[in-house]
Amino acid sequence: MYTIEIRNLCKTIKNAVILEDINLKLESGNVYGFVGKNGSGKTMLFRSLAGLVHPTSGEVVINGKILHKDIAFVENLGLIIENVGLYPEFTGFKNLKLLAKINNKINDEQIKATIARVGLDPEDKRTVKKYSLGMRQRIVLAQALMESPDVLLLDEPTNGLDEAGTELIRSILREEVKRGALIAIASHDKEDIAFLCDTKYKMTAGRLEEMA
Ligand SMILES: Nc1ncnc2c1ncn2[C@@H]1O[C@H](COP(=O)(O)OP(=O)(O)O)[C@@H](O)[C@H]1O
Ligand SMILES: [Mg+2]
C-alpha cells in the first residue's frame with residue numbers, strides 16, 4: 001500500500017497565493033481526478049506532489065516520510081508534467097533508454113513493449129523533434145509507464161491527443177489501476193476525469209474541494 005498525504009500545503013510566489021491550505025490523502029488502487037480552469041493551480045499541486053517544488057508551508061508525506069525532510073524524492077513515480085524534457089535529436093526509443101538507465105530496472109524489450117502499448121512504433125527511426133504533439137504525448141506517457149511505477153502523476157495526459165489516443169490512454173490507465181497503481185490525473189477536460197476517476201476534486205484559485 002502506497003499513500004501520499006498532503007497536510008496544510010500552501011505555496012506562495014512573490015505574495016501571490018498559488019496553493020492555499022490543501023489537505024488530501026491518496027492511496028494505491030485508486031484514480032484521483034483534479035479539474036479546474038487554467039491557472040487554478042493543478043500543475044503546481046502536481047509539482048508539489050512530485051517533490052519538484054518546495055511548499056511555502058505544510059508538507060507532503062509519502063508512506064509516512066516527509067518529502068524534502070525524511071526523503072529527497074518520490075520513489076517509483078511515473079510523471080507527466082508540462083515541459084518535460086525529451087531530447088529532440090534522439091528517437092523515442094533512445095530517449096526512453098537514456099531515462100531507463102537511471103534505475104536500470106528494465107531491458108530494451110520492455111521499453112519497446114511500452115512504446116508499442118501507447119500506439120507508437122518502437123522501431124521508428126524519426127527523432128522526436130519530428131513527432132506531432134500527440135506522438136510526443138504518447139512517448140511521454142510511455143516513459144511514465146515503462147517501469148510499472150507505484151504512482152502515476154499525469155498532468156493533462158490527453159492534451160494534443162485525438163479521440164482514439166484519448167480512448168487508448170483511458171484503457172491503459174484502467175489496466176494500471178487494476179495492477180494496483182495510485183493514479184492522479186489533472187485535466188481541464190471534465191470528461192477525462194468523469195470517465196476515469198473514483199474521487200474527483202475541483203481546484204479554484206488554489207483551493208481544493210471534493211466533488212460529489
Ligand atoms: N514559477 C511561477 N512563478 C509565478 N507564478 C507562477 C509560477 N508557476 C505558476 N504560477 C502561477 O500559479 C497559478 C497556478 O498555475 P498552474 O498550477 O500552472 O495552473 P493550472 O495547471 O491549473 O493551469 C497561475 O496563476 C500561474 O500564473
Ligand atoms: Mg496545468
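Read the numbers this way: they start at 1 and go in the same order the structure lists the ligands and their atoms. Keep in mind that what you see is a predicted model, and the values were worked out from it rather than measured.
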Q: Using a cut-off of 6.0 Å, state whether more than 12 heavy atoms not belonging to E167 lie near its atom CD.
A: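 Yes, enclosed.
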Q: Side chains of N76 and K105: do they bring a donor and an acceptor to under 3.5 Å?
A: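 Distance-only check passes for N76 and K105.
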Q: Suppose we measure from atom 10 (N) of ligand 1 to each protein heavy atom; which comes out shortest, and what is that distance?
A: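 Of the protein heavy atoms, I18 CD1, 4.1 Å lies nearest.
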Q: So which bit of T43 gets within less than 4.0 Å of ligand 1, heavy atoms only: side chain, backbone, both or neither?
A: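 Contact part for T43 vs ligand 1: both backbone and side chain.
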Q: Where on K37 is there a heavy atom closer than 4.0 Å to ligand 1, on the side chain, on the backbone, on both, or on neither?
A: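 Looking at K37 and ligand 1, just backbone atoms fall under 4.0 Å.
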Q: Stepwise, does the salt bridge (charged side-chain N to carboxylate O under 4.0 Å, His left out) test hold for K65 with E59?
A: CA-CA 10 Å; K65 292 183 176 149; E59 55 206 17; over 6 Å; no
Q: Considering only non-hydrogen protein atoms, determine which one is nearest to atom 19 (O) of ligand 1 and report residue, atom name and distance to 0.1 Å.
A: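 Its nearest protein heavy-atom neighbour is G41 N, 3.2 Å.
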Q: Could you list which atoms of ligand 1 come closer than 4.0 Å to a heavy atom of N38?
A: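 With N38 as reference, the close atoms of ligand 1 come out as 23 (O).
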Q: Run the numbers for me: atoms of ligand 1, each under 4.0 Å from some heavy atom of S40, listed by number.
A: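 The atoms of ligand 1 under 4.0 Å from a heavy atom of S40 are 19 (O), 20 (P), 22 (O).
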Q: Indicate if L19 and V17 have the same hydrophobic cluster label, given that clusters are the connected sets of ILVMFWY residues with side-chain heavy-atom separations under 4.5 angstrom.
A: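 No; V17 is not reachable from L19 via cluster members.
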Q: Would you say H188 and E156 make side-chain contact, with heavy atoms under 4.5 Å?
A: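 Yes, side chains in contact.
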Q: For M44 and ligand 1, does the shortest N/O to N/O distance drop below 3.5 Å?
A: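 In this structure, M44 places an N or O atom under 3.5 Å from an N or O of ligand 1.
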Q: Is the CD atom of E210 crowded by more than 12 outside heavy atoms at less than 6.0 Å?
A: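 Atom CD in E210 is crowded, with more than 12 foreign heavy atoms closer than 6.0 Å.
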Q: Return a yes/no value: protein heavy atom under 4.0 Å from atom 26 (C) of ligand 1?
A: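 When distances to the protein are checked, atom 26 (C) of ligand 1 has no heavy atom within 4.0 Å.
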Q: Considering only non-hydrogen protein atoms, determine which one is nearest to atom 1 (N) of ligand 1 and report residue, atom name and distance to 0.1 Å.
A: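 The closest one turns out to be I13 CD1, 4.0 Å.
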Q: G39: heavy atom below 4.0 Å from ligand 1, yes or no?
A: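 The answer is yes: ligand 1 sits under 4.0 Å from a heavy atom of G39.
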Q: Within the protein, is there a heavy atom lying under 4.0 Å from atom 21 (O) of ligand 1?
A: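 Yes, at least one protein heavy atom sits under 4.0 Å from atom 21 (O) of ligand 1.
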Q: Of the backbone and side-chain N, O or S atoms of N38, does one lie nearer to the Mg ion (ligand 2) than 2.8 Å?
A: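 Here the distance criterion (N, O or S atom, under 2.8 Å) is not met by N38, so no.
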Q: Could you list the cluster mates of Y87? Members are the ILVMFWY residues connected by side-chain heavy atoms closer than 4.5 Å, either directly or through other members.
A: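 Taking Ile, Leu, Val, Met, Phe, Trp and Tyr as members, Y87 shares its hydrophobic cluster with F90, L98.
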Q: Which residue is it: L49, I22, L208? I am looking for the one with a side chain to side chain contact (heavy atoms under 4.5 Å, CB included) to L9.
A: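 Exactly one pass, corresponding to I22.
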